[in-house]
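Here the structure is laid out as structure tokens; the discussion comes afterwards.
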Number of protein chains: 2
Amino acid sequence: MTSSKGATLRDVAAHAGVSIKTASRVLNDDPRVATDTRAAVTASMVTLSYQPDPAARSLRAGRDRTVGVVVESIGDVFVAGLVAQIERVLAEVGYQVLVASSYRERDRERAIVSNFVQRRCAGLIVMPSSHDALQGLPLRDLPVVFVDREGDAPSSQSVVVNDHKLAKEATSHLIAQGHRRIALMSDVLVVDTTRHRHEGYLEALRDAGITPDDRLIRAECIDEPRVFAVLDELLALDAPPTAIFSANTRVSLGIVPALHVAGRTDVAMVAFGDFPMAASLKPAITVIDHSPARIGEVAARTLMARLIESSDQRQGGPVITVPAHLIERGSGEIPAEPPRRKSRNRR
Amino acid sequence: MTSSKGATLRDVAAHAGVSIKTASRVLNDDPRVATDTRAAVTASMVTLSYQPDPAARSLRAGRDRTVGVVVESIGDVFVAGLVAQIERVLAEVGYQVLVASSYRERDRERAIVSNFVQRRCAGLIVMPSSHDALQGLPLRDLPVVFVDREGDAPSSQSVVVNDHKLAKEATSHLIAQGHRRIALMSDVLVVDTTRHRHEGYLEALRDAGITPDDRLIRAECIDEPRVFAVLDELLALDAPPTAIFSANTRVSLGIVPALHVAGRTDVAMVAFGDFPMAASLKPAITVIDHSPARIGEVAARTLMARLIESSDQRQGGPVITVPAHLIERGSGEIPAEPPRRKSRNRR
DNA sequence: GCAGTTGATGACAACGATGACATGACTCGA
DNA sequence: TCGAGTCATGTCATCGTTGTCATCAACTGC
């Protein structure tokens, strides 16, 4: 039945016997409309199953009920969880989500943002490839919320976890099990987040009076093959590490299979970021619960507050820190010196 | 420097000393423009760093370089992989991706589609909650590609795997290991895909002369707690299953931890759909490699073919089947009768 | 009973781009 | 040499909506 093109505001106005402007007013909840007129127009809208045209609206009004989300790669598990939550929260208030992946390429990222601005998105949620990723881009006062990493932009806010503190906590946890040779495996150091985790790691070592060993610090784990290679090298050292701190989920997803393949699940490990199956592996993986859902939710609500109330008043400071904590599951509690066959099962 | 509002086509035209229409022609690669005029306009565009306004464009031209993607839930690993590939392919040709999750609610799904149509998306990629999910919706001849499940819509195509065949293959694989009591765990039977997998399972049993046991067929595994409960019940049966066929990834992600917690990793298992870590578990999980990337890629290219060439000529039939195969990893090769301590390590 | 206020409504232009059609300068073949 | 056909370009209206300003009736208070 419902065929071809939908009804326009003009049709609604004609059907209700009012001017198009009055219909527009009803549509926009303008108080200056008589009650019965409003009723008539509303009825006509229902009858004609009218739906406003977003393009015309955004062209004229200069804004669109759309939020642009720029992430590193939507295929990443962490990112998917993040976007899911953002989409869920924004859908509640009738906003649509545009997603695009930057693949960490600065130019691509900037092009995406420009495009979103051009599209009159109402706001932006960005997982920036670098602190100054958006520097100098014309943002038209768009509210911007950075996620997972801090970013610079006029009137922006960032939703992050305390990378430094949590990385330190993870490392200290391993130290507490008696480990002194702890490897750090991470992605390259272009993202601030990763840098902060490195610093946390180093500080934990320093506090424990352990001299960092450059051979154990490997910030080159960009893909799975690379992780395998690095791990091979680490295990082949004269003094190999007895524990590993994995600085992000993608790396963890490489380390775990690699350890299993090498048959070296005796090496302790703490992973920054939870992941599917982490609790079911043998040993189960001790993680820093860096929850994408929590971060996404906070980011979306932070943006929403600025979208809806049109209050430039931003809630919370420029940097909002979401809590996270360490979940002991086994891999992080493997002691440095394997117990000398005291008892196989203590319990 | 670059401030506030961007340049409009009028500005470009003025700067190049031509009419706005000529500038428009250059923008749209209309051949009817003199070479030097074109050069001048292009130069002006660069100088003013002109970017076309998508809203105005889509309003006038009736189409937008945007593809609407409707999925069940963007947070799902399978879905995330799918969307990532779609986005990647479409970005190559300058299309933006709008995503929305239906959470399998029909009304929501239909509302999303209507909205996308209203937005003048150039095309739609839909993971439909049911075969007739889009029935009767005004689609304006939009090219629609259904993914992972077949769907009905005028001039649509579907990109799927052969669920029936693959489920049968998985089940037969378990039968070949000597199993006769094979449980089937799946999501509820609202989606065709799931139904086809059930049929494949049943056919494999029938072919092997095994009578299906209703107590082993559990199509109620909608979330993780439910999976745990069902598994408990199954294992508590008088004649418990010796093998499990998991009909989708979400269910697998529940079964694996449940088996580990119950200490019953001696139960054989084949999972429909690969997932992170599947190869690193003990035992590693034998899966049907139902690859989201492959499906996403094919779906995106199928849609692209119709977007770009504006040829209504659709390539491929209404249903495009993407190949998939069984990957033996261990869990699916656990024999029905555990070997009677012949030798611990054969090699 | 009248200026001034308020409230409801409408006419019109504009947002930025493109489609239909028109124009004027060529070229070409008979 | 001229009409037809091509080519490059321009004029104008239009997509569906909203902002600005005008209109006009009813109501206020003195």
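Everything numeric here is computed off the predicted structure, so don't read it as measured data.
In this structure, B:Arg38 does not pair ionically with B:Asp30, as no charged nitrogen and carboxylate oxygen lie closer than 4.0 Å. With respect to the salt-bridge test (charged N to carboxylate O, under 4.0 angstrom), the residues A:Asp64 and B:Arg119 qualify.
Of the candidate nucleotides D:dT18, C:dT9, D:dT17, D:dT17 has the atom lying nearest to any side-chain atom of A:Tyr50. Among the nucleotides C:dA17, D:dT11, D:dG19, the one closest to any side-chain atom of B:Lys21 is D:dT11. With C:dC15, C:dG10, D:dT9 as the candidates, the nucleotide lying closest to the side chain of A:Val18 is C:dG10. Comparing D:dT17, C:dT9, D:dT20 by their closest approach to the side chain of A:Ala56 singles out D:dT17.
The side chain to side chain contact (heavy atoms under 4.5 Å, CB included) test with A:Met127 singles out one residue from A:Asp76, A:Ile295, A:Asp148, A:Val191, and that residue is A:Asp148.
The separation between B:Asp53 atom CG and C:dA17 atom P is 6 Å, rounded to whole Å. Straight-line distance from the CG atom of A:Leu9 to the P atom of D:dG19: 12 Å, rounded to whole Å. The interatomic distance linking A:Arg25 (CZ) with D:dT17 (C1') rounds to 13 Å, in whole Å. Distance CG (B:Asp30) to C1' (C:dA17): 14 Å, rounded to an integer number of Å. Atom pair A:Leu59:CG and D:dT14:P shows a separation of 17 Å (rounding to whole Å applied). Rounded to whole Å, the distance from CD1 on A:Ile20 to P on C:dA13 is 14 Å. When rounded to the nearest whole Å, the span between CG of A:Leu27 and P of C:dT9 equals 16 Å. B:Asp36 places its CG atom 16 Å from the P atom of D:dC7, with the value rounded to the nearest Å.
Put simply, B:Arg57 has a side-chain N or O that comes within less than 4.0 Å of OP1 or OP2 on C:dT18. Taking side-chain N and O atoms only, A:Ser24 has a distance below 4.0 Å to OP1 or OP2 of D:dT18. Between B:Ser19 and D:dT9 there is no side-chain N or O to OP1 or OP2 distance below 4.0 Å.
Using a 4.0 Å heavy-atom distance criterion, A:Arg32 is classed as a base contact. Among the protein residues, B:Thr8 comes within range of the sugar-phosphate backbone only, with heavy atoms under 4.0 Å from sugar or phosphate atoms but none that close to a base. Residue B:Arg38 is out of contact with every strand shown, counting any heavy-atom pair closer than 4.0 Å.
In the displayed structure, A:Arg10 atom CZ is contacted under 6.0 Å by at most 12 heavy atoms of other residues, nucleotides or ligands. Environment of CZ in A:Arg294: crowded, with over 12 heavy atoms of neighbouring residues, nucleotides or ligands closer than 6.0 Å.
Remark on DNA chain D: of its neighbouring residues B:Arg60 and B:Thr37, the 5'-side contact belongs to B:Thr37, judged by nearest-heavy-atom nucleotide.
Between the side chain of B:Ser102 and the backbone N or O of B:Val71 there is at least one donor-acceptor pair closer than 3.5 Å. Between the B:Arg306 side chain and the B:Pro143 main chain, no donor and acceptor come within less than 3.5 Å of each other.
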* Going through the distances and angles, do B:Arg88 and B:Glu92 end up as a salt bridge (Lys or Arg N to Asp or Glu O under 4.0 Å)? -> CA-CA 7 Å; B:Arg88 186 192 289 263; B:Glu92 283 174 16; over 6 Å; no
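Against DNA chain C, the stretch residues 114-122 of chain A makes no heavy-atom approach under 4.0 Å.
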